[in-house]
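Accompanying notes for the structure given below.
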Amino acid sequence: MSLFKVKQWWSNATNTENKDEQTFSCMKIDKFISHNDSDCVLLGEGTLLKLFKPSLDQDGLLLETELSDIILQIETGKFIGQVLLYTITSCCPMSGDREIIVLHPQSYVIYELHRKEGLTDAGEQNRVTAVIKHAFKRRAYNMTVGPFGSSKSRDLICVQSLDGTLSFFDQDTFLFMCIFNDILIPGPVAYVMTVDMFVICKSTWTLEIYSYQQLRESSELSLRQNKTNIPQWTYNAGEEISAVQVIRTSSNFSSIIALSERHLYCFQDNGLMKALIRFDYTPICFHSYLIGWYYEPGARLLIMVASDDSKLYVYEGTKLLWACDLMMKAVSLSRCFINSLPGGVVTLSLDGIISVNYLGTEPDLNPNVNIVNEIVSPVEVQRELDSVEEALKLIISDDKESVADVPYLEKTISIKTEIGPIENHYEYNILESDKNVQFMKCPLIITIICKEPKLIQNIQITYICSSPFVNSDNSKYIDDVDVTQIIKTDILMSNDYDISNTNIKILFTIIEHTGRIVILSRSIMIPLKLYCSIGEKNLENQIKLNVHVNETCLDLKNIFTDFTKEELSNFEETVNSITFKYKTTDKTVTVCAREQEYSIESDDFPEISSMLDHFLNRINEYYIRTNIGVRITVKPSKEFITQMIHRFLKSIETHAKERIKLKKILDELNILQRQFTAVQKRLLVQYGSLPPADCDPLEFLMKDTHQRIIIIVHEIIQNRNVVCRAGNTLVAIGRLIICILRNSSTDTLKVVLIEEMLSLDLLHDDCQEWEEAVTKVSSFVSNKLLKNTEKDREKLAPVSEEETLSHINLKRFLRKLKIILEKLYTGDCDCDINCTHTMVQAAVILWCRLQSYCDAGCSHIMVQAAVILWCRLQSYYGAGCSHGAGCSHIMVQAAVIKCRLQSADDDAAVRRARCCIARG
């Protein structure tokens, strides 16, 4: 921020009503004979042509007229010769005032400005009269005017088209056309009157100078064979040139100033570079002007540059003379001379606001800071600090009052979720790999009843489901909350992946009228009929899982109520069993009931996972509905556990290998992309060379590279589907491991540890980087909770020089997971659940998980996450924990210490955590 600001002298902000599109060159400042006491400002705003004469006591608007087309550029000059200055009714010549030329997309019009003095209090009248209008076929980009060819009588017109063609006109007469084959994108064009040359900025990032004689002859040369038009001199800027201005600085030569992306160049008209300025900001526009007359020896050339951060810089040569802040971001700069303000700075904003300013020399020190002269009492400061600390403690700790607000909100808002009947769904754009998926959908209906809708500002509903299930709407937004809201969305299957999760989580983000945000969640189970059908039993099922209950087994028709009894009777067998067939994979799973034991049989573990989850939910709902107390225990055999762990590790290995393949293909795509870009740049240079070089080899290479890119992209899409399919299989088996551990073990801490360690929710279609996150957590669990020996730690420690998916690190990661899962299932994990240190270590585990996704400086997020984990642990072991609710500060301190130890190892973190416990 600069100490100085420009002082606004006049502005047309009160007259700006129309906000049509603007161009950088639609402002022109010049002096007319009819208004010779001050400069006038011409503004093209959309189709409006406005004429201003800035004045302090008036708004300055002299003329406003609407033209027939969009205004691209405005210039002034002497375009009409003395012959045309005689009217038919009078032999006296008209006034030799300067004419106004307006460039439209496919024409230009020359206007004359007339001023008529008022005879009454109505004031004077100003109007413009169209004198010459000429249309052309090529669409115009910009123009330049001047006495081309040393014309004495009038100025000629040069219009550049969008294809880079230069067309020359004399009044309404077409003179000739000059075509450049190396201009793909038009750039600035300027005329140097002292040497009768043109400055042309080409799309090859070069600045070339041609004489008018060369351009006039180029139309003939283009018809000849083996004839080239060589410029007088060139300069390769190496970056795009956005603006060019020519100003006469001596009796013998002129200066050419060019503005690029990061530099400003100043040349003499003979090609000699006078100055080069490199900016440390992004320039937008510039304007050069002369202090004194060009024929005076002491004349000074100054350049004003406006930056994208609304600052103005004034240079003389390479020396910075002045810097100040502008009132607004400028897209065009100029200088004007007014009676009471000689040398005002004129800026044009994107909104079409013209501002005439002057450089103020009085610094504005600390304009936004209020000086405090009051005497501050230390007692008051300490009281404020204490209140802030108390507020922070309430935020970090488990505040009972804030928790009590959620039940109150749930009483105010009633949310009901239900699944509607399943319907057929027809999809026309189906991939070949998904042809076997039977497309069906079921509606998910949410009913929200709000007793006091005025207290709710808005509600956002977010649906979270796992592939292959998708929602027709990912989220819904309710701005105007009524007493009753009914929201409907559809659940569909999009691919043939394994079923990994049959629950849909619904998040309700509620913003109260006070601005407080409350998040409620609901979960609903997807009906079995959507993804399964009744099938025939597979006699080759080799995997069997037993579920024991202390009551007589129910009729399976009363459990799987998604199917009617008639549908189940069509496949009725001699025993109480039902076989289901997955619609996505065509694999089967059989559920049998014998006395006090149920069994789930299949030939692979992913099929058992989703069926076990659905079966346990249904049987629990039945016993809750009938008010019967029952104990359900999952009893896997040792062989089942061994096979399940082996299958889980195999799925991880498959997922990692597919990710490696995908990474190699992505690297190959990056190489091809860089090659394609390099060939394009080389072709651009070859097209612009004189004479044109042979481009056939480069064109062949570009086409071949393009075809290879298309093939690689198709491979990426296919391989990404393979990675997602492997990830779904991994999640399905992982959820089976957690589900069996939750329903077979009495040690709930093991379930919490395995859930937090595996972090299966991290795997979804957009994010497959699961191995990197779990590696750190598994290392901590293996070293701290399972108490491995130093020798085992060295064998299982990952190699830091290698990537996580490298062969050696992946092998060690799988070995660690195998040891952890075997110890958890066999009961060899000696975790002291009544020890506070274990709870601190659990917080550190969560920190390890968050570390791979959060910046280490996000300590407040990790502290809150640690408190959440502590609350979960305390709800399980509140009676056994000797410290009770007083352990929360230990958890917070342990997490904070761990967050701050980025470079320390886990031993140091735990030691400091225990020191914190001792102090607590």
Side-chain angles (χ1 to χ4, degrees), residues 21-28 44 69-77 79 100-110 132-149 151 155-193 195-219 221-222 229 231-232 234-235 237 240-246 256-260 285 331-332 684 687-688 690:
E21 59 181 277
Q22 286 288 327
T23 58
F24 287 179
S25 303
C26 61
M27 179 181 69
K28 181 66 178 179
D69 207 345
I70 296 294
I71 300 174
L72 297 181
Q73 190 175 343
I74 303 173
E75 295 292 342
T76 58
F79 304 106
I100 303 169
I101 181 170
V102 178
L103 179 65
H104 299 295
Q106 287 187 303
S107 65
Y108 65 82
V109 184
I110 299 175
I132 296 174
K133 182 177 181 180
H134 183 73
F136 38 80
K137 294 183 179 180
R138 297 175 182 264
R139 290 191 174 273
Y141 177 73
N142 58 6
M143 70 175 174
T144 184
V145 298
F148 308 155
S151 174
D155 292 335
L156 305 184
I157 305 161
C158 174
V159 178
Q160 181 178 211
S161 306
L162 288 176
D163 57 357
T165 301
L166 297 181
S167 302
F168 291 84
F169 302 91
D170 183 3
Q171 297 180 1
D172 58 347
T173 304
F174 172 75
L175 299 179
F176 61 90
M177 179 185 299
C178 184
I179 300 175
F180 294 93
N181 296 324
D182 55 349
I183 296 182
L184 302 180
I185 302 174
V189 177
Y191 174 68
V192 187
M193 186 177 62
V195 291
D196 195 24
M197 293 183 180
F198 285 85
V199 183
I200 301 175
C201 302
K202 296 189 175 182
S203 54
T204 55
W205 296 346
T206 58
L207 186 142
E208 298 183 358
I209 309 298
Y210 295 89
S211 66
Y212 177 72
Q213 184 69 20
Q214 280 183 291
L215 297 178
R216 187 171 59 182
E217 295 175 355
S218 64
S219 58
L221 290 175
S222 61
N229 196 2
Q232 299 290 329
T234 64
Y235 180 78
E240 182 182 0
I241 298 176
S242 58
V244 173
Q245 184 180 352
V246 178
I256 302 171
I257 299 96
L259 180 68
S260 63
C285 55
V331 297
S332 183
L684 187 64
Y687 287 152
L690 293 175

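What you are looking at is a predicted structure, and each value in this text was computed from that prediction instead of being measured.
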Problem set entry | Gln73 side-chain N/O to Cys26 backbone N/O, donor-acceptor pair under 3.5 Å | no

Exercise. When rounded to the nearest 0.5 angstrom, what distance separates CD1 in Ile200 from CG in Leu166?
Worked result: 5.0 Å

For this session: Measure from the side-chain N and O atoms of Tyr191 to the backbone N and O of Val246, and report whether any donor-acceptor pair falls under 3.5 Å.
Result: no

For this session: Taking Asp196 for its side chain and Ser211 for its backbone only, find out whether a donor-acceptor pair lies under 3.5 Å.
Result: no

Problem set entry | Gap separating the CD1 atom of Ile101 from the CD atom of Glu75, nearest 0.5 angstrom | 8.5 Å

Problem set entry | Residues forming a side-chain hydrogen bond (donor to acceptor under 3.5 Å, both in side chains) with Thr144, sequence neighbours excluded | none

For this session: Would you check if Asp172 and Ile132 make a side-chain contact, meaning some heavy-atom pair closer than 4.5 Å?
Result: yes

Exercise. Are the aromatic rings of Phe168 and Phe176 close, with centres under 6.0 Å apart?
Worked result: yes

Exercise. Which distance, rounded to the nearest 0.5 Å, do you find between the CE of Met193 and the OH of Tyr212?
Worked result: 15.5 Å

Exercise. In chain order, what residues pass the ring-ring contact (aromatic ring centres under 6.0 Å, His included) check against Tyr108, with sequence neighbours excluded?
Worked result: His134, Phe169

Exercise. Salt bridge (Lys or Arg N to Asp or Glu O under 4.0 Å) with Asp163: which residues, sequence neighbours excluded?
Worked result: Arg138

For this session: Examine Phe198 together with Phe148 and report whether their ring centres are nearer than 6.0 Å.
Result: yes

